[in-house]
Number of protein chains: 2
Amino acid sequence: MKHSEKLTAKEEEVMAVLWKLKKAFVKEIQEELEGNQHYNTVSTLVRLLEDKGYVAYKVFGKSHQYFPVVDKKSYSEKILEQNSSRFFDGSYKNMVSFFAQQDKISEQELEEILELIKNKS
Amino acid sequence: MKHSEKLTAKEEEVMAVLWKLKKAFVKEIQEELEGNQHYNTVSTLVRLLEDKGYVAYKVFGKSHQYFPVVDKKSYSEKILEQNSSRFFDGSYKNMVSFFAQQDKISEQELEEILELIKNKS
DNA sequence: TCTTAGTAACCAACTATTTAGTAGAATAAG
DNA sequence: CTTATTCTACTAAATAGTTGGTTACTAAGA
């Protein structure tokens, strides 16, 4: 796949809607988006996403029902990867330490996560 | 505070250099940046950053030595905050769980962080 | 003094992104 | 058959971001 291209802010907003709704017609995306965008604006964005390989569609009569081809997880991962390298020398440990130091995550919550992964393996 | 404006990609690159060097003349920033940028390009970027309240400078003869006014920590925090809300319902716990699940951080490392914050309090 | 070099400031040109109008096809309604 | 509606596709226009040329100033050196 070639969804390597980076998304612009607006394209990402559209993806967020599609990740939420799983599948949607342009009109539905439009309704879900903040600050009412013009129908054609949304249509353009969704087609740009198609070009970039982020979405695909099923034909229903004359209209297209779009759905994500790239999932939220792998996209999030890519973004976080970038952040990790921009701000924490690529170390997730550093990033999490930072959260802890800023009280963004508590001792208790870290314990819970630890339990979670212990039980996974 | 008036450094609320968001930074563009290039502006952020310049900030990264300043965070690293602590203070620098345009020429030094230019040398530190990837893919040699034109001197004037760098100069423009740094002045845009000044307008946005991200940097300030000391005058040395005819030239300006720039330094960050916004620190890396608070900027990182802002960006991560955004990511957290875009991808994890604003929950840092969710974000860290995600890292753990993706094996971006190990059990061992989490234990270490936990120790760290236990000793802090 | 005159020239050269280095720099900030300004700004025009270019590229990328966002917005929305227009055209045309398909379909439904009168 | 004609008109209105709805949707995709295309594209022009507006806006934002990036790049580097030009100018003016100052200092240094011939």
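Proteins come first, then strands; the chains are lettered A, B, ... in the order of their sequence lines, and each starts at number 1.
Under a 4.0 Å N-O distance rule, the pair B/E111/A/K118 qualifies as a salt bridge. A salt bridge does not link B/K78 with B/E81: none of the charged nitrogens is closer than 4.0 Å to a carboxylate oxygen.
Of the N and O atoms on the side chains of A/Y75 and A/E12, at least one donor lies less than 3.5 Å from an acceptor on the other residue. Checking A/D71 against A/S74 by side-chain atom types alone, a donor-acceptor pair falls below 3.5 Å. With hydrogens and angles left out, the side-chain atoms of B/Y66 and B/E50 include no donor and acceptor closer than 3.5 Å. Looking only at atom types and distance, the side chain of A/N94 has no donor-acceptor partner in the side chain of A/S97 under 3.5 Å away.
What separates CZ of A/F25 from P of D/dT5 is a distance of 21 Å, to the nearest Å. Distance, B/L7 CG to D/dT18 C1': 15 Å, rounded to whole Å. Rounded to an integer number of Å, the gap from B/H64 NE2 to C/dG6 P is 18 Å. Computed from coordinates, the B/E31 CD to C/dG6 C1' distance equals 14 Å when rounded to whole Å. Remark: P of D/dG20 and CG of B/L33 are 12 Å apart, rounded to the nearest angstrom. With rounding to whole Å, B/K58 atom NZ is found 16 Å from C/dA8 atom P. Taking atom CD of residue A/E12 and atom C1' of nucleotide C/dT18, one finds them 15 Å apart after rounding to whole Å. One atom, CD of A/E11, and another, C1' of D/dA16, lie 15 Å apart when rounded to the nearest Å.
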Can you give each donor-acceptor pair under 3.5 Å made by side-chain atoms of residues 22-35 of chain A, sequence neighbours left out, with the distance rounded to 0.1 Å?
from  : atom 1 : to    : atom 2 : distance (Å)
A/E28 : OE1    : A/F25 : N      : 2.7
A/Q30 : NE2    : A/Q37 : O      : 3.0
A/E32 : OE2    : A/K20 : NZ     : 2.6

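B/F67 carries B/K58 over the face of its six-membered ring, with the cationic atom under 6.0 Å from the centre and within 45° of the normal.
A heavy atom closer than 4.0 Å to some atom of DNA chain D occurs in A/Y39, A/N40, A/T44, A/R47, these being the qualifying members of residues 35-50 of chain A.
Annotation: B/N36, atom CG; neighbour count of heavy atoms from other residues, nucleotides and ligands within 6.0 Å does not exceed 12. Around the CD atom of B/Q108, the shell of radius 6.0 Å holds no more than 12 heavy atoms that belong to other residues, nucleotides or ligands.
One axis for each end of the helix from C/dT1-D/dA30 to C/dG30-D/dC1, each built from five base pairs, and the angle between them comes to 30° at 10° resolution.
Residues passing the ring-ring contact (aromatic ring centres under 6.0 Å, His included) test with A/Y92, sequence neighbours excluded: B/F99.
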Protein and nucleotides 15-17 of chain C: nitrogen or oxygen contacts under 3.5 angstrom:
none

Name the pairs: protein N/O against N/O of nucleotides 27-30 of chain D, kept only if under 3.5 Å.
none

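For D/dT6, the OP1/OP2 oxygens have no side-chain nitrogen or oxygen of A/K27 closer than 4.0 Å.
To the nearest 0.5 Å, atom OG of residue B/S76 and atom CZ of residue A/F88 are 5.0 Å apart.
Of all the heavy atoms in B/M15 and B/V55, the pair that sits closest is SD-CG1, 3.6 Å. Nearest heavy atoms, A/Q101 versus B/L116: NE2-CD2, 3.6 Å.
In terms of position along DNA chain C, the nucleotide closest to B/Q65 lies nearer the 5' end than the nucleotide closest to the other residue of the pair B/Q65 and A/G61.
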